[in-house]
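Take a look at the structure set out below.
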Amino acid sequence: MNKVKVHGWVESIRILKNVKFLVVRNWNGKVQLTIKKNEAPTEVWKAVDKLTRESVIEAEGKQVVEKVARVDAEIKPEKIEILSLAQTPLPLDPTLPIDTGDPSIEIKEPKTLFSTRFKHRSLDLRNPRNQAIFKIQAALVEGMEEWLNKNGFLRVFTPLIIGAPSEGGAEVFKVDYFGREAFLRQDPQLHRQLTIAGGFEKIYDLGTSWRAEKSHTRRHICEFRSCAVEMAFIKDEMDVERVEAEIVKAGIKKAVEKCEREFKILNVEPEIPKTPFPELRFPEIYEILRGYGKKIPYGENYDEESEEILWSYVRENYDTDFFFVNRFPFKSKPFYVMKADDTWARSIDLIYRGLELSSGGQREHRYHVLVEQIKEKKLNPKLLEWFTEPFKYGVPPHGGFAVGVERLTMQLLNLYNIRDATLYPRDPERSIP
RNA sequence: GCCCGGGUGGUGUAGCCAGGCUAGCAUAGGGGCCUGUCGAGCCUCUGACUCGGGUUCAAAUCCCGACCCGGGCGCCA
């Protein structure tokens, strides 16, 4: 019999007349401690009476060979040390079924309610389901990074605080920068381009961005992470699509390889996507949508519902969960995108199961065109000089994209709400914990 | 930014539309019995109507406001 040590959180305590059972959970699994009155040391037998659920203990003892149902191992402890005694009652029970907000899933009661979960997030995270989500998320990022590093991309860190808003549209968080106004970045976009202008040919920035939008949806949070890639000397935006597809595939592949147990906990059977991903283009998209009874005026951008309709179309015709949309109307895109002609832009979105996972495309690198487009967007060229100035001195054709880490996690795992794919979500109602 | 819905013991809920007499149930928690247990079972105890104003003989219930929360649209990662 092997002597083993375990530590973890006490998930359940069952005290009987002649035997006591503890189930101890840590992030590798669950272990049952079995304490028999006539076998265990008296202090061990007594220590259990003091325990409360979710207390942290360390135990040492002999491993029982016969497998016991529903746990990973069983130990007969000779020593139990209480490292931290949990107060009772718990404000949240990490062993209960989780409320994800999804109305199509009926949860047996009692359950933990969505908002209560995020109020006591540290307790909520103890649920193996939640830990599985973030182990998979880490593997996704690892896989993407690994692919990027192998293919000659350099990891860079661009600023989080910027002196001027990087894009129109989305609201920015203001910060007090020594009495001057500054902002949290909405996207690492412009500084990636500046870095390309700095002679870096293939880069990526893995980090946080902020949007001060009071969005009340299950796919928006105010603080999110993205894997943002930029590459120079591209022929056109199709080069960007090829790289993006490979990166996403590499992320999912890594998660599938590393996280078999986690996918099982989440009851998800992941599929490694086939590359390349199909591409749909404007203006043909209007025709496709009309075929499904959805009318979008020619030259206008589509809406959220359209993304889901196009997903059904792609599933029927290409049997894939991923597809690109290219050639968006220029008028609905930012000034820095490259036009394909007067109306359409070399601007791409990656849609994963009907949700926008990323946007990107080819950027305009010709100084005069860039300035023209700034004027066309009715922005002040003077205020954007900090960005446009380097384009006077030689910038190669380039393009890139930013993949939302939480959105990728959410879609891969069929999570109903993006907050479930975020450790400590920041939304208009929540900045604590 | 616009719109819809909700806040009842530690937790999750019933009651609210049709106002009334000990606010029901589950789970957690305390005590007891009992079983190598398997979200065990049985007995017992503790514990709640978000806040402020109004209507009324009487408000968890109706009305107004505040605060907090969930979601839809827009926009986006």
Side-chain angles (χ1 to χ4, degrees), chain A residues 11-23 30 32-37 39 52-54 64 66 68-71 74 76 86-103 107-120 123-124 167-171 185-189 207-228 301-305 307 328 332-334 349-352 355-360 401-411 416-419 421-422 427-430 432:
Chain A
E11 185 166 292
S12 73
I13 304 163
R14 311 212 50 240
I15 297 177
L16 313 179
K17 199 175 197 174
N18 296 309
V19 61
K20 293 172 180 173
F21 301 101
L22 297 179
V23 174
K30 291 174 188 179
Q32 179 169 279
L33 305 185
T34 304
I35 303 119
K36 286 191 170 178
K37 196 177 187 178
E39 283 180 3
T52 52
R53 296 173 63 228
E54 294 304 317
V64 178
E66 315 88 72
V68 178
R70 297 231 194 159
V71 287
E74 180 172 335
K76 294 196 169 169
Q87 281 188 30
T88 58
L90 297 163
L92 181 149
D93 187 340
T95 66
L96 291 179
I98 279 175
D99 172 30
T100 60
D102 187 344
I107 310 167
K108 259 194 268 179
E109 282 166 3
K111 61 181 178 180
T112 59
L113 204 64
F114 193 78
S115 65
T116 310
R117 290 179 44 213
F118 289 94
K119 194 171 164 188
H120 306 283
L123 274 167
D124 182 45
E167 286 181 42
E171 291 292 323
R185 72 179 184 189
Q186 300 150 284
D187 193 296
Q189 164 70 32
T208 309
S209 297
W210 293 265
R211 304 273 161 92
E213 295 271 2
K214 283 193 175 173
S215 298
H216 289 101
T217 81
R218 51 196 168 85
R219 57 188 185 283
H220 290 93
I221 39 179
C222 295
E223 180 180 273
F224 63 96
R225 268 58 47 178
S226 62
C227 178
N301 199 359
Y302 60 34
D303 57 13
E304 163 71 15
E305 191 192 21
E307 288 177 346
F328 280 86
S332 65
K333 289 289 167 183
D349 275 9
L350 176 57
I351 314 291
Y352 179 20
L355 181 71
E356 183 177 338
L357 188 64
S358 144
S359 63
F401 57 88
V403 174
V405 171
E406 290 87 355
R407 285 204 173 172
L408 177 59
T409 311
M410 173 189 184
Q411 293 304 87
Y416 184 73
N417 194 311
I418 195 165
R419 280 158 255 229
T422 315
D427 62 35
E429 279 72 42
R430 188 177 283 106
I432 289 172

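In what follows, chains carry the letters A, B, and so on, assigned in the order in which the sequence lines appear, proteins first and then strands, with residues in each chain numbered from 1.
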Rounded to whole angstrom, note down the C1' distance from B:U56 over to B:A14. 26 Å
Gap between atoms CD and C1', on A:Glu429 and B:C67 respectively (whole Å): 12 Å
Please work out if A:Leu92 contacts a base, only the sugar-phosphate, or nothing of the nucleic acid, heavy-atom cut-off 4.0 Å. nothing
Indicate, with a heavy-atom threshold strictly under 4.0 Å, whether A:Phe21 touches base, sugar-phosphate, or nothing. base
Side chain to side chain contact (heavy atoms under 4.5 Å, CB included) between A:Arg419 and A:Arg117, intermediate numbers included: CA-CA 11 Å; A:Arg419 280 158 255 229; A:Arg117 290 179 44 213; over 6 Å; no
Report yes or no: do A:Glu11 and A:Thr95 form a side-chain donor-acceptor pair below 3.5 Å? no
Just to confirm, is there a sub-4.0 Å distance from OP1 or OP2 of B:A77 to any side-chain nitrogen or oxygen of A:Ser359? yes
Nearest-nucleotide pick for A:Glu356, side chain only, options being B:G29, B:C34, B:C76: B:C76
Rounding to an integer number of angstrom, what distance separates B:C25 and B:C67 when you compare their P atoms? 36 Å
Name the nucleic acid region contacted by A:Asn18, choosing base, sugar-phosphate or nothing; use a 4.0 angstrom heavy-atom cut-off, strictly under. nothing
C1' spacing across the pair B:C33 / B:A48, given as an integer number of angstrom: 30 Å
Taking the side chain of A:Phe224 as its heavy atoms from C-beta onward, which of B:A77, B:A28, B:G71 lies nearest to it? B:A77
Separation of B:G72 P from A:His220 NE2 (nearest whole Å): 10 Å
What is the distance from CD1 of A:Ile13 to C1' of B:G39, rounded to the nearest Å? 15 Å
Most 5' of A:Val19 and A:Asp93 on RNA chain B, judged by nearest nucleotide: A:Asp93
Does the B:G29 base have a donor-acceptor partner in the side chain of A:Gln87 within less than 3.5 Å? no
Please name the nucleotide paired to B:C49 by Watson-Crick or G-U wobble geometry with both distances under 3.5 Å, or report none. none
Please report, rounded to the nearest Å, how far the P atom of B:U11 is from the NZ atom of A:Lys119. 7 Å
Using atom P in both nucleotides, what's the gap between B:A23 and B:G5 to the nearest angstrom? 30 Å
Closest nucleotide among B:G12, B:A28, B:C69 to the A:Thr116 side chain: B:G12
Return the nucleotide paired to B:G5: Watson-Crick means purine N1 to pyrimidine N3 with N6-O4 or O6-N4, wobble means G-U with N1-O2 and O6-N3, both under 3.5 Å. B:C69
Any base atoms under 4.0 Å from A:Ile221, or only sugar-phosphate, or nothing? Heavy atoms, all strands. base
So do the side chains of A:His220 and A:Asp427 get within less than 4.5 Å of each other, counting heavy atoms only? no
Nucleotide of B:G36, B:A28, B:C75 approaching A:Lys76 most closely (side-chain heavy atoms): B:G36
Choosing from B:G36, B:C76, B:A77, which nucleotide comes nearest the side chain of A:Gln32? B:G36
With the side chain counted from C-beta on, respond yes when A:Met410 and A:Thr422 share a heavy-atom pair under 4.5 Å apart, and no when they do not. no
Strand partner of B:C25, provided both Watson-Crick or wobble distances fall under 3.5 Å: B:G12
Picking from B:G12, B:C75, B:G70, the nucleotide nearest the side-chain atoms of A:Arg419 would be B:G70
Starting at OH of A:Tyr302 and ending at C1' of B:C73, how long is that distance when rounded to a whole Å? 17 Å
Which of B:G71, B:C34, B:G36 is nearest the side chain of A:His216? It is B:G71
Quick one: list whatever passes ring pair (Phe, Tyr, Trp, His ring centres under 6.0 Å) with A:Tyr352, sequence neighbours left out. A:Phe322
Name the pairing partner of B:C62, where a pair is Watson-Crick or G-U wobble with both distances under 3.5 Å, or state none. B:G54
Verify the contact: side-chain N or O of A:Arg211 to OP1 or OP2 of B:G74, cut-off strictly under 4.0 Å; return yes or no. no
Closest listed nucleotide, where the reference is the side chain of A:Thr217 and the choices are B:G74, B:A77, B:C76: B:G74
B:G41 to B:C3 separation - P atoms, rounded to the nearest Å: 48 Å
Per atom distances to the A:Glu213 side chain, the nearest of B:C2, B:C75, B:G36 is B:C75
Give me the distance, rounded to whole Å, that separates B:U55 from B:C64 when you measure between the P atoms they each carry. 15 Å
When you compare the side chain of A:Thr52 with that of A:Leu90, does any pair of heavy atoms fall below 4.5 Å? no
Counting only side-chain N and O atoms of A:Arg219, is one of them less than 4.0 Å from OP1 or OP2 of B:C73? yes
Side-chain touch A:Arg218/A:His216, heavy atoms, less than 4.5 angstrom: no
With side chains defined as the heavy atoms from C-beta onward, is the minimum distance between A:Thr112 and A:His120 less than 4.5 Å? no
Mind calculating the distance between NZ (A:Lys36) and C1' (B:G36) to the nearest angstrom? 7 Å
B:C68 base / A:Arg430 side chain donor-acceptor hit below 3.5 Å: no
Please pick, from B:A77, B:G39, B:G10, the nucleotide with the shortest atom-to-atom distance to any side-chain atom of A:Leu96. B:G39
With a 4.5 Å heavy-atom cut-off, do A:Ser209 and A:Arg185 have their side chains touching? yes
Measure distances between side-chain N and O atoms of A:Glu304 and base N and O atoms of B:C76, and say whether any donor-acceptor pair falls under 3.5 Å. yes
How far does the C1' atom of B:G39 sit from the matching atom of B:C16, given to the nearest Å? 32 Å
Does OP1 or OP2 of B:C76 have a side-chain N or O of A:Ser215 closer than 4.0 Å? no
Inter-nucleotide C1' distance (B:G9, B:G29), Å rounded: 11 Å
Calculate the interatomic distance between A:Leu355 atom CG and B:A77 atom C1'; express it in whole Å. 8 Å
Looking at every strand, decide which applies to A:Ser226 at a 4.0 Å heavy-atom threshold: base, sugar-phosphate, or nothing. nothing
G-U wobble or Watson-Crick pairing nucleotide for B:C75 (cut-off 3.5 Å, both distances): none
Upstream residue (5' side of RNA chain B) when A:Ser358 and A:Pro428 are each assigned their closest nucleotide: A:Pro428
Would you indicate what A:Ile15 reaches in the nucleic acid, counting non-hydrogen atoms under 4.0 angstrom: base, sugar-phosphate, or nothing? base
In this structure, how many angstroms lie between the C1' atom of B:G12 and the CZ atom of A:Phe114, rounded? 16 Å
